[in-house]
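Naming convention: chains lettered A, B, ... in sequence-line order (proteins, then strands); numbering from 1 in each chain.
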Amino acid sequence: MSDSVSQRPPHYLDELNEVQRQAATATEGPVLVIAGPGSGKTRVLTYRIAHLIEKGTAPWEILALTFTNKSAREMKERIVKVVGQKASDIWAGTFHSLFARILRVEAKHIGYPSNFTIYDTDDTKSLINSIIKELNLDKTVYQANAIKNRISSAKSSLITPKLYMNNAELLTQDKQAKMPLVHKIYAAYVSRCKKAGAMDFDDLLYRLFELLQNHPDVAKKYRRKFKYVLVDEFQDTNTLQYAIVKKLVLYPKSPRNICVVGDDAQSIYAFRGATIQNILDFERDFADHGIQTFKLEQNYRSTEHIVQAANAVISHNRRQIQKNIWSHKGEGQKIKIIREMDDTGEGRRVADTIVEQKSRYHLKNEDIAILYRTNAQSRIFEEYLRKFNLPYRVYGGLSFYQRKEVKDLVAYLRLVVNPNDEEAFRRSINNPKRGIGGTSLEKVASLAGQQGITLFEALKHVALPKRTRHAADGFIELITKARAKADTANAYELAETVARKSGLLDNLRKDVSIEGMARLENFQALLDGIKSFVEEDTLIDTDTLPDKTLASYLQNIALLTDFDSNEEKNNTDVITLMSVHAAKGLEFKSVFVVGLEKELFPSFMSMGTIEGMDEERRLFYVAITRAEQFLTLSYANTRYRYGKMKMNEPSVFLTEIPAEAVENTSYSRRSEKSEYDPLERQRAKVSGIVPIRKRGTAKFTKPKMDPSKFKPNPPAEIEEGQNVMHLKFGEGRVVKIDGGADNRIATIHFSGLAQPEKRIMLRFAKLQVLD
DNA sequence: CCTGCCTGGGTTTTT
DNA sequence: CCCAGGCAGG
């Protein structure tokens with residue numbers, strides 16, 4: 001360590017442990033890195049890229065795919081520190097944003113304008129609703145949300161509308177869900193998006209796949225360009241994303257320089273189509289080319305009690321890649337479990353504990369995070385943090401760009417850039433009110449449908465009453481005039497003009513309520529944002545659209561969701577409140593995981609299936625492994641949900657934390673470890689030892705099978721002759737079914753009972769068919 | 001065509 | 001509880 005003649009700059013590789021260094025320097029060929037929580041994954045990734053650049057790879061030959069803009073930004077910043085400013089030429093970003101960037105360049109090959117609009121979730125839902133209406137379907141049966149998910153998973157599985165229509169399994173599923181016409185909606189949706197020059201989130205992936213598939217020359221171009229491909233959070237990629245990655249790196253004579261980094265235990269996006277099958281497939285797909293696998297198992301983040309708890313929890317999952325996460329940071333504090341009577345109590349108690357921790361351990365606000373399963377839970381904590389004068393910041397929920405007043409102006413701007421944008425049209429046409437209501441819009445839509453033209457085009461030609469016609473012409477003129485200048489004018493000036501001439505600005509100014517003023521402020525903030533976009537010397541994405549047009553601004557914001565647009569730099573020392581999902585990749589000295597109740601965490605949506613429970617458990621694993629030194633878990637016996645008080649049992653996850661790692665608090669003292677403590681009861685149930693009740697004669701009948709594995713079939717599927725499982729009665733055989741339609745009654749013979757014959761109303765029964 | 005009341009339905013996680 | 005959307009009245 002002589003720094004007298006430091007010829008060599010401080011070498012970053014020295015900051016890595018042995019496995020990390022190997023993972024960072026094995027640059028050639030396929031590499032799989034399994035990285036446990038806190039194991040220095042980001043460090044490996046960044047140093048790997050730095051290493052590539054030092055070895056002479058050009059930054060733009062490196063493609064690094066991440067899940068959030070934030071992690072991409074962080075990665076870039078860290079690489080800049082090692083190799084300097086040239087790092088900003090690395091293609092590092094989210095799947096969606098980098099693919100959008102490629103698609104804009106290559107749009108002409110797939111019949112899209114390069115300034116295509118990106119539909120967000122609201123646009124998608126609204127379009128689906130329009131289609132449902134046009135097809136005269138009952139929207140209480142055809143729910144936009146469900147259909148959106150259906151379409152999304154179809155796209156993610158590379159199923160086109162045509163394939164969908166010919167897929168017996170999907171059609172049957174739809175029929176069973178009483179929505180036999182989903183395929184029709186899907187087909188209409190795709191053609192409407194295309195006509196509108198719009199892509200939804202899934203299209204950004206799907207269309208790129210299509211492009212690479214159908215245009216070998218384009219595929220070749222990007223294969224040559226991206227000499228090294230890295231994928232972060234690989235466990236959260238879906239089939240489609242992996243398919244695209246393979247298109248880029250798996251072809252004849254490819255050097256197969258791909259490095260994927262992930263942790264199967266932290267896969268928490270299965271609901272979005274992510275599958276850890278990709279990790280297994282990766283091993284198979286690249287097996288012929290000598291995969292190098294590295295496991296990062298040392299946890300540098302958390303103390304031992306926390307790591308021990310995390311290991312114990314995750315061991316309840318089936319099917320995982322074997323690994324042994326360990327820590328050398330000392331035992332540390334035990335985990336604290338807080339039990340309160342109700343949600344208000346939970347809020348107060350957590351705030352209370354934060355105050356205590358802060359003073360006892362000299363923690364700053366920024367060292368502390370409160371993590372919850374659903375964003376809706378933040379409110380009570382906000383309330384108490386305010387009461388206790390603790391500054392905080394809530395992440396997630398409504399982002400800046402999702403606010404109504406912001407979306408209103410953005411819709412106009414979108415329309416200016418792309419007049420075909422149907423959703424932007426619908427949003428703007430009568431906002432602010434200019435007397436073009438439902439009736440007129442229907443006329444427009446019908447003409448557009450007949451002639452196969454866009455709504456904007458139809459508005460020009462449709463027959464309207466005089467007054468309405470006048471209003472329509474004003475609207476058309478506004479958009480057309482702005483459009484004429486769109487490619488040349490300064491984006492800020494143009495946006496400002498549109499804001500004024502549309503009447504949106506005046507409208508907001510009229511509202512002097514507190515919320516109204518806040519809205520005006522947001523509106524102004526959007527304009528300010530455009531202004532700084534114009535003035536800023538941004539180097540990012542310059543090869544696509546090196547200009548300062550409105551189009552390029554919109555493209556920049558389209559995929560920013562959680563982005564902190566107006567960073568409140570004045571106060572960064574704040575407590576963090578966010579969903580567990582949002583917390584992935586972050587760490588805090590002290591973490592509170594709250595609302596640990598059955599049906600909340602794990603969510604009732606996921607409790608029905610083993611896969612669902614496993615994912616919830618991984619989510620819980622992610623939550624507790626965010627903590628460096630202090631981990632507090634809390635739950636409430638009752639909680640308001642949908643305006644009703646609801647009783648809650650503690651989450652099963654609490655029982656999976658080993659007792660040795662848990663602090664004895666007044667709430668789990670021995671004297672209180674009685675049948676009255678629901679956690680204790682739950683623990684007992686899980687371990688199979690059921691506490692004997694002192695009073696009453698109600699006896700606990702042990703379920704005949706593990707309830708978490710119990711998957712009842714819908715009543716319609718129960719038929720004569722089947723063997724079925726009933727939680728209370730056990731295994732039985734359906735002898736007879738009588739009664740019709742909604743009133744079917746099954747006679748079932750349960751062998752294990754004194755009175756084996758039971759007649760069961762199928763409408764209410766929960767029966768699982770055994771095969 | 002607009003406003004305001006009312007009802008009924010849904011309630012997870014995110015790019 | 002909170003919202004979107006339907007409907008009646010202006």
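Comparing atom distances between the Q143(A) side chain and each of dG10(B), dT12(B), dT14(B) picks out dG10(B) as nearest. When each of dT15(B), dT14(B), dT12(B) is scored by its nearest atom to the side-chain atoms of H581(A), the top-ranked nucleotide is dT14(B). Comparing dT15(B), dG5(C), dT12(B) against the side chain of N129(A) picks out dG5(C) as the nearest. Closest to the K433(A) side chain, of the nucleotides dT14(B), dT3(B), dG5(C), is dT3(B). Nearest to the side-chain atoms of H96(A) among the listed nucleotides dT12(B), dT15(B), dG5(C) stands dT15(B). Listed nucleotides: dT11(B), dT15(B), dT13(B). Nearest to the side chain of N145(A): dT11(B). Distances from the side chain of R373(A) to the nucleotides dT14(B), dT12(B), dG5(C) place dT12(B) closest. The side chain of F271(A) approaches dT13(B) more closely than any other nucleotide in the set dT15(B), dC1(B), dT13(B). Taking the side chain of N375(A) as heavy atoms from C-beta on, and the options dT12(B), dT15(B), dT14(B), the nearest nucleotide is dT14(B).
As rounded to whole Å, 14 Å separates atom C1' of dT11(B) from atom CZ of R379(A). The OH-P distance, from Y372(A) to dT13(B), rounds to 10 Å in whole Å. Atom CZ in F620(A) sits roughly 17 Å away from atom C1' in dT12(B) (whole-Å rounding). Note: CD (E599(A)) to P (dT13(B)) measures 16 Å, nearest angstrom. We find that CD of E442(A) is positioned 10 Å from P of dC1(B), with the value rounded to whole Å. Atom NZ of K584(A) is separated from atom P of dT12(B) by 20 Å (rounded to the nearest Å). Taking atom CD1 of I244(A) as the reference point, atom P of dT15(B) lies 17 Å away to the nearest angstrom. Whole-Å rounding puts the K404(A) NZ to dC3(C) P distance at 14 Å.
DNA chain B is contacted by both T468(A) and S603(A); T468(A) maps to the nucleotide lying nearer its 5′ end (nearest heavy atom per residue).
Applying the 4.0 Å criterion to OP1 and OP2 of dT14(B), one finds that S579(A) has a side-chain N or O inside that range. Using a 4.0 Å cut-off, some side-chain N or O of S440(A) falls inside it from OP1 or OP2 of dC1(B).
Interatomic distance, CG of L654(A) versus OG of S634(A), reported as 9.0 Å (0.5 Å rounding). Once rounded to the nearest 0.5 Å, the distance linking OG of S152(A) with CG of D202(A) reads 3.5 Å.
Nucleic acid contact class of F67(A) (heavy atoms, under 4.0 Å, all strands): sugar-phosphate only. Among the atoms of the strands shown, none is found under 4.0 Å from any heavy atom of R618(A). Nucleic acid contact for T439(A): sugar-phosphate only, since backbone atoms but no base atoms lie under 4.0 Å from a heavy atom of the residue. Across all strands, N430(A) comes closer than 4.0 Å only to sugar-phosphate atoms, never to a base (heavy-atom distances). Counting any heavy atom pair closer than 4.0 Å across all strands shown, E615(A) reaches no nucleic acid atom. Within 4.0 Å of D202(A), counting heavy atoms only, lies no atom of the nucleic acid at all. Residue contacts shown for Y269(A) are limited to sugar-phosphate atoms, with no base heavy atom under 4.0 Å away.
With 3.5 Å as the limit, one finds a donor-acceptor pair spanning the side chains of D200(A) and Y189(A).
For H316(A) and F620(A), the ring centers sit 6.0 Å or farther from each other.
Salt bridge present: E134(A) and R192(A) bring a charged side-chain N and a carboxylate O closer than 4.0 Å. Salt-bridge check for E210(A) with R207(A): passed, with a basic side-chain N closer than 4.0 Å to an acidic carboxylate O. With salt bridges taken as basic N to acidic carboxylate O contacts below 4.0 Å, one links E233(A) and K41(A).
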